[in-house]
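See below for the structure under consideration.
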Amino acid sequence: MAESIPVEHADGHADHGGHHEMSFSEKYIFPLDHKMIAMQYMFTGMFMAVIGGFFAYAFRMQLAFPGINVPGWGVVTPADYNALVTSHGSIMIFWVAMPVLIAAFGNYLIPLMIGADDMVFPRVNRLSYQIFLLSAIIILASFFVEGGAFGGAWTAYPPLSTKAEYSLTGIGSTMWILAVALEFVAFLLGGINFITTAMNSRAPGMKMWDIPMVVWMIVIASILFMLSVGPLLAGGIMMMFDQQLGTAFFDPDRGGDPILWQHLFWFFGHPEVYVVLLPAVGIVADVMTVFSRKKLFGYKTVLYTAIGTGVLSFTVWAHHQFVAGIDPRMANVFTVTTLLISVPIAEMMFVYIATLYGGSITFKTPMLWALAFIFEFLIGGITGIFLGASGNDIYMHDTYFVLAHFHYTFYPIAIIGTFAGFTHWFPKMFGKMMNDNLGKLHFWLTIIPFNLIFLPLFVLGAAGQHRRIYDYQNFPELSLPWMQDLRQLATISLCVMLGAQLIFFYNVIKSWMSGPAAGKNPWRASTLEWTAASPPPHGNWPEGLPTCYRGPYEYSHPDHEEDYWPQNEPA
Amino acid sequence: MSARPIATTRSAAGMPTPRLAVWWVIASEIVIFGGLLGSYIMHRIAHGEWAEYAANTNTMIGATNTFVLLTSSLFAVLAHQAAERGDGKTAARFLYMTTGGGLVFLTIKAFEWTSEISHGMTITANTFWSFYYTAAGIHALHVIAGMIIMLFVAQTAKRNEDLHRVEIIGIYWHFVDIVWIFLFPLLYIAK
Amino acid sequence: MILNSVLPEASTYAADIDRLFDVITLLVGVPFLIASFLFFSFIFRFKKREGTPAKYITGTEHQYMKWIHRAHVPILLFDVIIVVMAVNVWYDVKQDLPEANSTVRVIAQQWAWTFVHPGPDNVLDTADDIVTINELHVAKDTLYHYKLEALDVLHDFSVPAFRLKQDAIPGRVITGWFEPTLAGEFGIQCAEICGIGHGLMPARLIVEDRAQHAAWIAENSPLSVAAGVEDESASERTRLAAR
Amino acid sequence: MTAEEHHEPSFYVKIWAILLVLLIVSVLGPMIGIKWITLLTAFGIALVKAYLVAVNFMHINLTPRYVVYLVTTTLVFMLLFFAGSAPDVMKEHGRNWEKPAWIATEAAYQAGELDLGHGHGGDHEAESGHHGQSEHH
C-alpha cells in the first residue's frame, strides 16, 4: 500500500541521478532527497525543543517564585501551568526526541551508512514529514483555541481528558489527541521506510553484521514503535469519539473503563522509552568507536542486548500503574519483568565502558557528549530500579523522584544523544567543521546545570513532593525554606542551561557560514557515509554506489597500516 | 515512477521492497485492530447483557458481506495471477471487479447502518454499539483506502506497467478480508 | 534511614518501605560506584598518547568477555533480593487486607476530599456517620480500612508520612488499609492530575490518641451536624451532575 | 513474481469454494444453540478461514520465514496485551476493588430489569450506574 500513495506534483518530480535542475520548492519545501527531509525533521525538532524549553522555563519560574510575572509569559495560572506541563512533556517526547533521533538521524544516516542513494520510498518519506509538520502545527495551535491547550498531562488519563466539563479544554483535548495520532501515523510511514531501506537496500557485500550500530538501533526502534503503537492509535480513536461523539469507552457509569486507556497508553508508552533510547545508544556507539579508535566491544552483544531489551519492554508496561487501581497481584509479575530489564541494559552499559578499555581517546566535542551520555544514563538507569520495585513505588509513584529519574533517562537520550550525533555528523551535513572550543564551552554549560536541575529534584521527590502541582505553598509539609531553596536552585540552573544553548546556535550558524572546510572524512572514520562528499550531493555517490568489504568498526586493526579501515576498501 | 532510486531495486532481504513493505504495513495494522478488538473482547466477556444488544445485529447481512469480501479477494488473487502471466488487461479487469466488490460491501453496510441507526442503535446508545461502529468503521475506512489505491494500480496495470503492484495491493486487500473474517463472528455470530 | 530523615514514619508499613528504599540504594549504589570508577579510570588511563596505538579487541575474546559475564551474577542476585523484598512489602501493603478495627470512606472530587468517619457505633453508612471536608481524623494504633472513590476524574489519595498512595478511579471502590503509629498532623495530597485545581487539593490528616479520637467522635457525632454536611456534599454532587 | 507460484485460476476458485462452505457452517453453527459449538464454529472457523486466505491468497508460506515470525510476534504481543489488561478491565470484582456501576447493571440484567431497548440502553445504564454509586450515601 505504502508505495502506491497518490503522487503529488507528478509532472515535476525530481529525477534521481538526472540532470534536471530542481526549483527552490522542489529542493527545500517538498524535497524527495532523504538528506533534505532529514534536515526538515532536524530543524523542526530543534524549533520544537526551543518551545518545549521555553515552557519548562515558564513553569519552573512559577515553582521557584510562586505568583511572579514570568518574563516572556506573564503570570502562570493553574490552567496555564497544566497546559505548559502537558505540552512540555508531549512536545519533548513526540515532537523533539522522536523526530530528531529517529526521523532526522534515520533519514540522514540510513541510506548513507548502508551505501544507498536514497530511501526506498522517497514520496512516502516526504508525506511522513508533511503529516508530522501538520501534527506539530496542531499541537501549537491548541494554545490559541477557546479554553486553551490540553492540561491533563502527557498521559491524558480519562475521564479528565474525555470530558470537557472536567478539563475545561474541550477543543484543546481533541487537538492534543489528534496531533498525537497524526504524529504516530507519520512515524509509522517513516518507520516502514527505515525498516525496508535497511533490510533491502544495503550495499553489495554488506552482511547483517556489517551494518553500523546506529542503523541497527534505528531499525529496532522503528520496529518497537510499529508493534506497540497500534493499541494506542485505536485508543486515540476511542478517545476522540468519547470527546466529540459522546461514546463511553472510558466512562465507567456507561459500561466503559478508564483503566483501559492506561493499559492502551502504557503498552505503547513503555516501549516508547526504548524507541528513543536505542537510536541514541547507536549514535553513541559510532561516536565512541571513532574517538577512541577502538572496535566496538562485542558488536553482537550490543545488538542482542538491544533486541532483548526491546522484547522485554513489551512485558513491563503496568509498572506505571502499580498504584493506579490495577489488580495488585499483577504488580508482582510486572515487578519481576521490570527488574529483569536491568540485566540486558547493564550488559549494554558495561560493553560501552569496556569499549573505552585500551583505546586512544581524544576529547573532541562529540566524544564529550557521548561519554556524558553513558554516565548520565547510568544514573537514570539505576534510579529506575527504585521505581520498578513495586513496594517502593507505592511511595515514589508520581513524586518528583519519578520526574528526576525519567529526566535522567530522557535528557541524555534526547538532548545529549542528539548533540553527540549532531556535532559528530555536522561536517558531513554541512561540509564545515564546528568550532571545538565553543562546542566544549557549550557542553560544560549544559551538563553541569543539567545535573544541578535534577539532583535537587530527587531530594524533593524523596521528601514526598508530588508532580504537576503549580504552587507548593498550599502544602505546609512542602513549603519548608530548604525545599524552596532547592526549587530555586533547579530553576536558576535551568535558566543557565537554556541560555547556554545560544552558544550552540551561534556555533552552528558561524561554522555553517565560515567554518573551515571539512573534507570527506575529518574524523578518519571507517563507515560508508564518510566516503561520500561533504555534504553529499543528490544521489549520495554520483560516481557510483560503494561496495562493502568489512565490518563498520575496524579501528586500529593490526593487519592494516592506517588506524582505520574503511568499509569500502577492497582487502 | 520512472526515476526510482537505485535503493528501491535492491533486495538484500530476499524479497522485493514493495512486498516487504506491505508486510510491515500489515504488521502495524494487526496491532491497531488487535488493540481495539482486544479491548472489545474484554468488555464483551465482562458484560453479560451485551449478548442481548448483539442479538440486534443481522447475521444474514454480515454473512452476505463476508461472502462479498471473500469473492472480491478471489478476484484480487486472480488479478495477481493474471499479472504474473504478464496479462495487464485481465489483471486490471479483475482489479475493477475487486473494487466493485468493495463497493457492494460498503453499500450493504450503508443500508445496514441506516436501518440500525433509525432504530435507535446509534454509536452512543451503549458501549457495545460504540465498539460495533468503531471497529466496523475503521475496517470500512481500510476498504475505502484499498479501493482508491486499487483504482490507481488498475490504471497502470491496464498499460502493462508496474504489474508487481497488483500483487501488493492484493496482499493488502486479503488482509482487510481477514480482519472482516474476525469481525464477523465477533460482532454478528457470538450472541 | 534516608527517607525518614526528611519525613516521619507515621504508619506500620512506613518503616518497611523505608528499609526497602535503603536496601535498593545500597544494592544499586555499589554497582554504580564501581561502574563509574571504571568509566572514569578508563577515560583518563586511555587518553590519547603519541606512539601508543589503541588495542584491537573484538569483544568476543574470553579473557575480556568473562568480566562482562561475571558481572551478571551479582546483578541477578541483587535483582532477586530487590524483587523478593519489594514483593514482600507490596503484599503487605496492597495485596493483603488485614482485619480492620474501623473503616473510613474517602471520596475525591474536583477539588476537595470528603471523608466519612463511622460514628460511635463504628459502622459506616449509618445515621451517626461524621462527614468532614479536607480533614481526616484517625486514632493511633488502630487498623483502618479505607474505601476510596472518585466522583468525577482520577485522583490519588496520597499520605506521604504513611508512605500510602492509591489512585481513586471513578466507577471503582478500592479498599486498602493503614495503621497510624504516630500522633500528629500530616499532609494529604492528590497525586494524580485532576484538572486546574489539582494544586488546590491539600487535606489534613489528624492522628490522635484513641481517647482523644473517641472524644472527637463523640463531640461531632450529633446527627444534625452530620446531616448538614451530608446535604452540602449532596448538593455539590447535583451541581457537578448538572454541569 | 516468483517462479514458485504457478497455481491455475481453478485452484483459487477451489479455495474460494471451501471458504464459502466454511462461511455457511459458521452461520449455521449458532442455530444448534449450544454455546461451545457456537464458539467453535464462529472462532475456530474464523481461524481456519484466516489461515486459508493467508496461505493461499497472500502466499505467506512463499515469503521468507521472517514474515511469518513477524506476524506471529504481533499476535503474541496482542495476547500479552490482553493478558495484562484483562484482570482489570474484564472483571467486576477485583482483588480489593469493585466496580459498583457494572455490578448494578449486571444485577439488573440478571433480574430481567434492564431495559434492553436498544435506543435507551445507554440511558438506563447510566441511571443504574448512578444508583450504584450513590447508594451508600
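- Interface residue D:Val67: only side-chain heavy atoms are found under 4.5 Å from chain B.
- Contact of B:Phe184 with chain D is made through the side chain alone, with heavy-atom distances under 4.5 Å.
- Interface check for chain D: of the options B:Thr71, B:Thr66, B:Val179, the most heavy-atom pairs under 4.5 Å are formed by B:Thr71.
- Here the OG1-CD1 distance, from D:Thr72 to B:Ile30, works out to 9.0 Å after rounding to the nearest 0.5 Å.
- Note that the NE2 atom of B:His43 and the CH2 atom of D:Trp102 stand 4.0 Å from one another [nearest 0.5 Å].
- Using a 4.5 Å cut-off between heavy atoms, D:Pro9 contacts chain B through both its backbone and its side chain.
- With respect to chain D, the highest number of heavy-atom pairs below 4.5 Å among B:Leu74, B:Ile41, B:Val31 belongs to B:Leu74.
- Residue contact with chain B, scored on non-hydrogen atoms closer than 4.5 Å, involves the backbone and the side chain of D:Leu47 alike.
- Across all their heavy atoms, B:Ala63 and D:Leu23 have their closest contact at O-CD2, 3.7 Å.
- In this structure, D:Phe81 and B:Gly35 approach most closely via the heavy-atom pair CE2-O, 4.2 Å.
- Of the atoms belonging to D:Leu70, it is side-chain heavy atoms, and not backbone ones, that fall under 4.5 Å from chain B.
- Taking CD of B:Glu49 as the start and CD of D:Gln110 as the end, the distance is 9.0 Å to the nearest 0.5 Å.
- Between the side chain of D:Tyr109 and the main chain of B:Glu52, no donor-acceptor pair closer than 3.5 Å is present.
- In this structure, D:Val27 and B:Tyr188 have side chains that are not in contact, with every pair of non-hydrogen atoms separated by 4.5 Å or more.
- The structure places NZ of D:Lys91 at 13.0 Å from CE of B:Met42, a figure rounded to the nearest 0.5 Å.
- Heavy-atom distances place the side chain of B:Leu20, and not its backbone, under 4.5 Å from chain D.
- Chain D forms the most heavy-atom pairs under 4.5 Å with one residue out of B:Ala76, B:Ser28, B:Ala13, and that residue is B:Ala13.
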Exercise for the section: Let me see the working for D:Val53 and B:Phe175 under side chain to side chain contact (heavy atoms under 4.5 Å, CB included), right down to the final yes or no. Expected result: CA-CA 8 Å; D:Val53 173; B:Phe175 167 73; over 6 Å; no
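- A distance of 7.5 Å separates CZ of D:Phe57 from CG of B:Leu78, quoted to the nearest 0.5 Å.
- Looking at D:Ile45, neither its backbone nor its side chain comes within 4.5 Å of chain B, counting heavy atoms on both sides.
- The side-chain contact (heavy atoms from CB on, under 4.5 Å) test with D:Met58 is passed by exactly one of B:Ile178, B:Val22, B:Asp177: B:Ile178.
- When the candidates B:Ile189, B:Ile26, B:Ile171 are compared by the number of heavy-atom contacts under 4.5 Å with chain D, B:Ile189 comes out ahead.
- Between D:His59 and B:His80, the two ring planes are perpendicular [angle over 60°; tilted spans 30° to 60°].
- The most heavy-atom pairs under 4.5 Å with chain D, out of B:Gly38, B:Gly48, B:Gly62, come from B:Gly48.
- Environment of CZ in B:Phe111: sparse, with no more than 12 heavy atoms of neighbouring residues, nucleotides or ligands closer than 6.0 Å.
- Contacts with chain D were tallied for B:Ser39, B:Ser73, B:Ala55; B:Ser73 has the most, counting heavy-atom pairs under 4.5 Å.
- Most heavy-atom pairs under 4.5 Å with chain B, from the set D:Thr38, D:Ile60, D:Leu79, D:Asn56: that is D:Ile60.
- In this structure, chain B has a heavy atom under 4.5 Å from the side chain of D:Met78, while its backbone stays farther away.
- Rounded to the nearest 0.5 Å, atoms CZ (B:Phe75) and OH (D:Tyr12) are 15.0 Å apart.
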Practice task
Decide yes or no on side chain to side chain contact (heavy atoms under 4.5 Å, CB included) for D:Thr63 and B:Met15, but give the supporting numbers first.
Solution key: CA-CA 7 Å; D:Thr63 56; B:Met15 203 173 8; 4.1 Å; yes
